[in-house]
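Presented below is the structure to which this report refers.
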Amino acid sequence: MSEQTFRSCYVKNANPSFTVPKHHTHNIPPFNKRMLSCVRGRDVSRWEGFYCLPAYHHKKEGQRIERRRHFNAHRAKAINALVEAMAYHLHLVSGTVPVSFTTLAEEAGLSTRSQAGNLSITRATRAAQTLAQWGVIHYRLMWDKVTKQYFPADIEVTHLFFDLIGVGNEAYKKAQNQQLAWINLDLAKAGEPAISLTEARRRQKQKLIDITWKRRKTTQDIKAKRKKAKAALLKDVAELRHLAAKQLQFEMRQGLHEGIDMAGFKQLLNQRIAYYRKTASSSDPG
């Protein structure tokens, strides 16, 4: 095999592109449509920020990365496809991407499966690491110390994301305020008080956490969750509450559950323990 042939086929999908899931029949906000139009009309991997802004290690805070060359063609295409998927899913009020990296990878054509059926999303996570290094997004993976498993990544875009796409941060802020106005209009119709942008962001993040705990994946994942939950329930009630409370405390230090009070903490703690019990006793933890 020649060097040229080898270099041209070391990824399975040389031209990844985002595809809207078939089951998504709802309309996305006009600003998301505008972002998609901008992304599809430009090569975001050639964004000026990649040339002039400093890059930092996405895990080691403050450790600067010195780059001497630009991205290769495959990384550039992965960045373009991933950014388009993020633009589609972006929740305007919270500035979060409320899906997992696995979902983004599959929709962007960046996932592969081995002959054994194992899923790999390495191309997507490497593209995400690049975006995080330049401060375009922030994301974090958190370990649940009780059930011994990871949460799906908490993905949040920064003001640079909108410069990267080409719409600008001012346009995003305007769209964000309009979206918040619609939320408050619905709350008013339901007889509820209006909420601030901070509260709207907190509610959306809490919703994502709740979805995470209820998400059903493969049969293998269900069995693994059940096994881990049963192991957790072998502890006495006081010890289980202690472990679950420590886990919530850890999540709060990572920026989750913003603005929660004592009553809310107790409610969340009871919900978490109820989830462990349900998972341990059911064939479907969702």
Side-chain angles (χ1 to χ4, degrees), residues 11 15-18 31-101 104-105 107-110 121-142 152-177 179 197-198 201 204-205 254-256 258:
V11 294
N15 295 294
S17 61
F18 170 70
F31 190 74
N32 291 72
K33 293 179 180 178
R34 179 182 171 187
M35 287 192 293
L36 288 176
S37 179
C38 288
V39 171
R40 290 165 182 166
R42 61 194 275 132
D43 180 357
V44 297
S45 73
R46 298 292 179 91
W47 173 55
E48 295 84 352
F50 289 134
Y51 298 89
C52 69
L53 294 178
Y56 295 91
H57 197 283
H58 68 290
K59 289 184 178 179
K60 300 176 182 178
E61 187 175 353
Q63 180 174 320
R64 187 163 177 172
I65 299 173
E66 297 294 339
R67 294 189 63 90
R68 291 179 172 82
R69 60 186 177 86
H70 202 60
F71 317 119
N72 64 39
H74 294 304
R75 178 64 59 83
K77 290 177 181 179
I79 290 171
N80 289 340
L82 184 66
V83 167
E84 185 175 349
M86 288 180 169
Y88 174 83
H89 285 288
L90 183 67
H91 185 267
L92 296 181
V93 173
S94 65
T96 59
V97 181
V99 294
S100 66
F101 276 129
L104 292 172
E107 293 176 357
L110 297 172
I121 61 168
T122 302
R123 287 185 74 191
T125 55
R126 286 178 177 169
Q129 288 170 7
T130 299
L131 295 174
Q133 287 166 359
W134 266 269
V136 175
I137 66 170
H138 296 309
Y139 71 88
R140 56 193 167 194
L141 293 170
M142 285 193 297
D154 175 26
I155 310 169
E156 188 169 352
V157 304
T158 73
H159 68 283
L160 293 175
F161 182 82
F162 306 101
D163 191 74
L164 169 80
I165 287 177
V167 296
N169 193 52
E170 288 186 9
Y172 164 64
K173 289 297 183 183
K174 181 178 179 181
Q176 185 182 46
N177 289 331
Q179 202 71 15
L197 184 59
T198 299
R201 286 167 58 86
Q204 174 62 16
K205 288 190 174 185
Q254 300 302 309
L256 300 180
E258 294 179 39

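Just so you know, these numbers come straight off a predicted model, no measurement behind them. Residue numbers count from 1 along this sequence.
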> Should the pair F18 and H89 be assigned to parallel (<30°), tilted (30 to 60°) or perpendicular (>60°) ring geometry?
Replying inline: perpendicular
> Does one side chain, of N80 or D43, offer a donor that lies under 3.5 Å from an acceptor on the other?
Replying inline: yes
>> Which residues pass the side-chain contact (heavy atoms from CB on, under 4.5 Å) test with L53, not counting sequence neighbours?
In response: W47, W134, L160
> Quick one: are the ring centres of F161 and Y172 less than 6.0 Å apart?
Replying inline: no
>> Going by side-chain contact (heavy atoms from CB on, under 4.5 Å), name the residues that satisfy it together with R75, two or more places apart in sequence or in a different chain.
In response: F71, N72, I79, R126, T130
> Rounded to the nearest 0.5 Å, how far does CZ of R46 lie from OH of Y51?
Replying inline: 5.0 Å
> Side chain of H70, backbone of S45: donor and acceptor closer than 3.5 Å?
Replying inline: yes
> Would you call L90 and M86 a side-chain contact if the rule is heavy atoms closer than 4.5 Å?
Replying inline: no
> Just how far is it from atom CD of E107 to atom OH of Y88, taken to the nearest 0.5 Å?
Replying inline: 7.5 Å
> Does any N or O in the side chain of T96 come within less than 3.5 Å of the main-chain N or O of E156, such that one atom is a donor and the other an acceptor?
Replying inline: no
> Is there a side-chain contact between F162 and V157, using heavy atoms and a 4.5 Å cut-off?
Replying inline: yes
> Just by distance, do the side chain of Q176 and the backbone of V93 share a donor-acceptor pair under 3.5 Å?
Replying inline: yes
